[in-house]
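Contents: one structure, followed by commentary.
Remember, predicted model here, so these are calculated numbers, not experimental data.
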Amino acid sequence: MMHLRPSSSISWFLLLPLLLNAVVHCKTLKRDVKALNEIKASLGWRVVYAWVGDDPCGDGDLPPWSGVTCTTQGDYRVVTELEVYAVSIVGPFPTAVTNLLDLTRLDLHNNKLTGPIPPQIGRLRRLKILNLRWNKLQDVIPPEIGELKRLTHLYLSFNNFKGEIPKELANLPELRYLHLHENRFIGRIPPELGTLQNLRHLDVGNNHLVGTIRELIRIEGCFPVLRNLYLNNNYLTGGIPAQLANLTNLEILYLSYNKMSGVVPPGLGHIPRLTYLFLDHNQFSGRIPDAFYRHPFLKEMYIEGNAFRPGVKPIGVHQVLEVSDTEFLF
């Protein structure tokens, strides 16, 4: 008696609806459902009204909650992105967020969050982007933030953070953009930050920082790919060391409104792609080296409010340089 075997294509055709049904009805991990519902209970009405249903990843005809992105991992869906910004959230940082262990992006910027960042933030080991700027967060940055080994973008600007900038930030090997401006940081900028091999943008302006640039760049081979260095509006002293010219990728150097002095080293004018140079409102003296006036890329050089010799002239048509954090998100 002859036995017929169904073809493999027919088998897949019969299995396809079952597979699709399994994907559609894939359950959201209970851990993430619980965490998001705790966050929902703690947030204001502006968020709650848009978060309908019990499942943040969507359930049946209900779509995922606004600002929540989910990804299927094996038999479950997990929350990988949470973006709830500019909705006037009031209150402490929602600690339940730190239970979303698969988060790669956390964006709570432009709200009214208060209190500290909880030390449990170190649990989010897959986080790549952390954006908490434009809030009212306080206290010190927890050293546990140095455990986020995959972090590439860290935005903590425009808050009320205090204390010293933690040297643990130097433990973030993938970090590219570090925004700490407009806070209340004190002490010296950790020179250990210079060991970050991927750091392109460092902004610590508008704080209460002290020290010298020489201390900041004392580690040999430091800041190998740094493009933008914002040190403005602090209490830095000393001069501009000639070794700063070793940061050959610099495009923006912002030293305005400090207490720096001395002459400007000629080597600074040979940084290949230096585009914006802010020296204004310090105590610099002497002349501006000719190399700056011959530089092919230098568009703006601000020098007012110093003790330069007569005849020294700025470069370019001066306008306030406004650089948005969003320009560095990707």
Distance-only, no hydrogens or angles: does the Asn198 side chain make a donor-acceptor pair with backbone N or O of Leu175 under 3.5 Å?
-> no
Any donor and acceptor pair, going by atom type alone, linking the side chain of Asn234 with main-chain N or O of Val204 inside 3.5 Å?
-> yes
Flag, side chain of Asn111 to backbone of Ile89, donor-acceptor distance under 3.5 Å = yes
Rounded to the nearest 0.5 Å, how far does CD1 of Ile303 lie from CZ of Phe284?
-> 11.5 Å
Count the heavy atoms of every other residue, nucleotide or ligand shown that sit under 6.0 Å from NZ of Lys40, and state whether that count exceeds 12.
-> yes
Gly286 to Val312 - nearest heavy-atom pair and separation | O-CG2, 4.2 Å
State plainly whether one hydrophobic cluster holds both Ile240 and Ile315, where clusters connect Ile, Leu, Val, Met, Phe, Trp and Tyr through side-chain heavy atoms under 4.5 angstrom apart.
-> yes
Please check if the side chain of Gln197 supplies one atom and the backbone of Thr195 the other of a donor-acceptor pair under 3.5 Å.
-> yes
Tell me, please, which residues at least two apart from Asp280 pass salt bridge (Lys or Arg N to Asp or Glu O under 4.0 Å).
-> none
Under 4.5 Å between side-chain heavy atoms, hopping through other hydrophobics if needed: is there a path connecting Tyr257 to Tyr230?
-> no
Decide side-chain hydrogen bond (donor to acceptor under 3.5 Å, both in side chains) for Thr104 and Thr80; before the verdict, give the C-alpha distance in whole Å, the side-chain angles of both, and the deciding distance to 0.1 Å.
-> CA-CA 5 Å; Thr104 60; Thr80 53; 5.0 Å; no
Given side chains that start at C-beta, do those of Leu255 and Phe278 come closer than 4.5 Å, heavy atoms only?
-> no
Would you call the rings of His179 and Tyr155 parallel, tilted or perpendicular if under 30° counts as parallel and over 60° as perpendicular?
-> tilted
Can you name the closest pair of heavy atoms from Pro116 and Asp139 and give their distance?
-> CB-CB, 3.8 Å
Worked check of salt bridge (Lys or Arg N to Asp or Glu O under 4.0 Å) between Lys27 and Asp55 = CA-CA 9 Å; Lys27 292 182 178 180; Asp55 191 334; over 6 Å; no
Out of curiosity, Arg227 CZ to Arg176 CZ, how far, rounded to the nearest 0.5 Å?
-> 9.5 Å
Of the non-hydrogen atoms in Leu250 and Ile271, which two are nearest, and what is the gap between them?
-> O-CG2, 3.6 Å
Any disulfide (SG to SG under 2.5 Å) pairs touching residues 53-95, not counting sequence neighbours?
-> Cys57-Cys70
State whether the side chain of Asn135 and the backbone N or O of Lys112 hold a donor-acceptor pair below 3.5 Å, judged by distance alone.
-> yes
To the nearest 0.5 Å, what is the distance between OG (Ser285) and CZ (Phe308)?
-> 7.5 Å
Where at least one partner belongs to residues 114-124, residue pairs that pass side-chain hydrogen bond (donor to acceptor under 3.5 Å, both in side chains), sequence neighbours excluded | Asn99-Arg123
Taking all atoms of both residues into account, what is the closest heavy-atom pair of Pro241 and Ile217, and its distance?
-> CG-CD1, 3.8 Å
For residues Gln138 and Lys162, determine if any side-chain heavy atom of one lies less than 4.5 Å from a side-chain heavy atom of the other.
-> no
Mind running salt bridge (Lys or Arg N to Asp or Glu O under 4.0 Å) on Lys149 and Glu174 for me, showing each step along the way?
-> CA-CA 7 Å; Lys149 304 299 185 184; Glu174 303 298 324; over 6 Å; no
Non-neighbouring partners of Lys34 that pass salt bridge (Lys or Arg N to Asp or Glu O under 4.0 Å), sequence neighbours left out | Glu38
Indicate yes or no for a side-chain donor-acceptor contact from Asn171 to the backbone of Gly146 under 3.5 Å, with no hydrogens or angles considered.
-> no
Could you tell me whether His181 and Phe158 have their ring centroids closer than 6.0 angstrom?
-> yes
How far apart are the closest heavy atoms of Phe185 and Leu180, and which atoms are they?
-> CE1-O, 3.6 Å
About how many Å separate CG of Leu202 and CG of Leu193, when rounded to the nearest 0.5 Å?
-> 6.5 Å
Linked, directly or transitively: Tyr76 and Trp65 (ILVMFWY side chains, under 4.5 Å) = no
For Tyr85, does the OH atom sit with more than 12 other heavy atoms under 6.0 Å from it, leaving out its own atoms?
-> no
Shared ILVMFWY cluster between Leu127 and Leu29, side chains joined below 4.5 angstrom?
-> no
Where the side chain of Asn233 meets the backbone of Asn206, is there a donor-acceptor pair that is under 3.5 Å apart?
-> no
If a pair satisfies ring-ring contact (aromatic ring centres under 6.0 Å, His included) and one of its residues is in residues 206-225, list it, with sequence neighbours excluded.
-> none
Taken to the nearest 0.5 Å, the spacing of His201 NE2 from Glu251 CD works out to 11.5 Å
Between the side chain of Asp59 and the main-chain N/O of Asp54, is any donor-acceptor distance below 3.5 Å?
-> no
Strictly by modelled atom types, are Arg133 and Ser157 linked by a side-chain donor-acceptor pair under 3.5 Å?
-> no
Tell me, with the steps shown, if Leu231 and Leu216 meet side chain to side chain contact (heavy atoms under 4.5 Å, CB included).
-> CA-CA 11 Å; Leu231 304 175; Leu216 176 62; 4.3 Å; yes
For the residue pair Lys313 and Tyr293, what are the closest heavy atoms and their distance?
-> O-OH, 2.6 Å
Transitive ILVMFWY side-chain link Val78 to Val84, under 4.5 Å | no
For the pair Leu178 and Leu169, evaluate side chain to side chain contact (heavy atoms under 4.5 Å, CB included) and give the outcome as yes or no after the intermediate values.
-> CA-CA 9 Å; Leu178 178 56; Leu169 292 175; 4.2 Å; yes
Could you pull out all residues at least two apart from Glu168 that satisfy salt bridge (Lys or Arg N to Asp or Glu O under 4.0 Å)?
-> none
Decide yes or no on salt bridge (Lys or Arg N to Asp or Glu O under 4.0 Å) for Arg31 and Asp102, but give the supporting numbers first.
-> CA-CA 11 Å; Arg31 177 202 68 198; Asp102 292 289; 2.7 Å; yes
Atom pair CD1 (Ile189) and CG (Leu236), whose distance is rounded to the nearest 0.5 Å = 5.5 Å
Would Leu156 and Phe161 count as a side chain to side chain contact (heavy atoms under 4.5 Å, CB included) if you check the C-alpha gap in whole Å, the side-chain angles of each, and the deciding distance to 0.1 Å?
-> CA-CA 8 Å; Leu156 301 179; Phe161 291 115; 3.9 Å; yes
Would you check if the side chain of Trp51 reaches a backbone N or O of Ser66 as a donor-acceptor pair within less than 3.5 Å?
-> yes
Backbone N or O of Leu279 within a donor-acceptor pair of the Asn306 side chain at under 3.5 Å?
-> yes
Taking it one step at a time, do Ile129 and Thr152 satisfy side chain to side chain contact (heavy atoms under 4.5 Å, CB included)?
-> CA-CA 6 Å; Ile129 298 175; Thr152 59; 4.2 Å; yes
Please step through side-chain hydrogen bond (donor to acceptor under 3.5 Å, both in side chains) for the pair Thr28 and Arg77, ending with a clear verdict.
-> CA-CA 4 Å; Thr28 304; Arg77 293 179 300 183; 3.2 Å; yes
Report yes if some heavy atom in the side chain of Ile39 is under 4.5 Å from a heavy atom in the side chain of Val97; otherwise report no.
-> yes
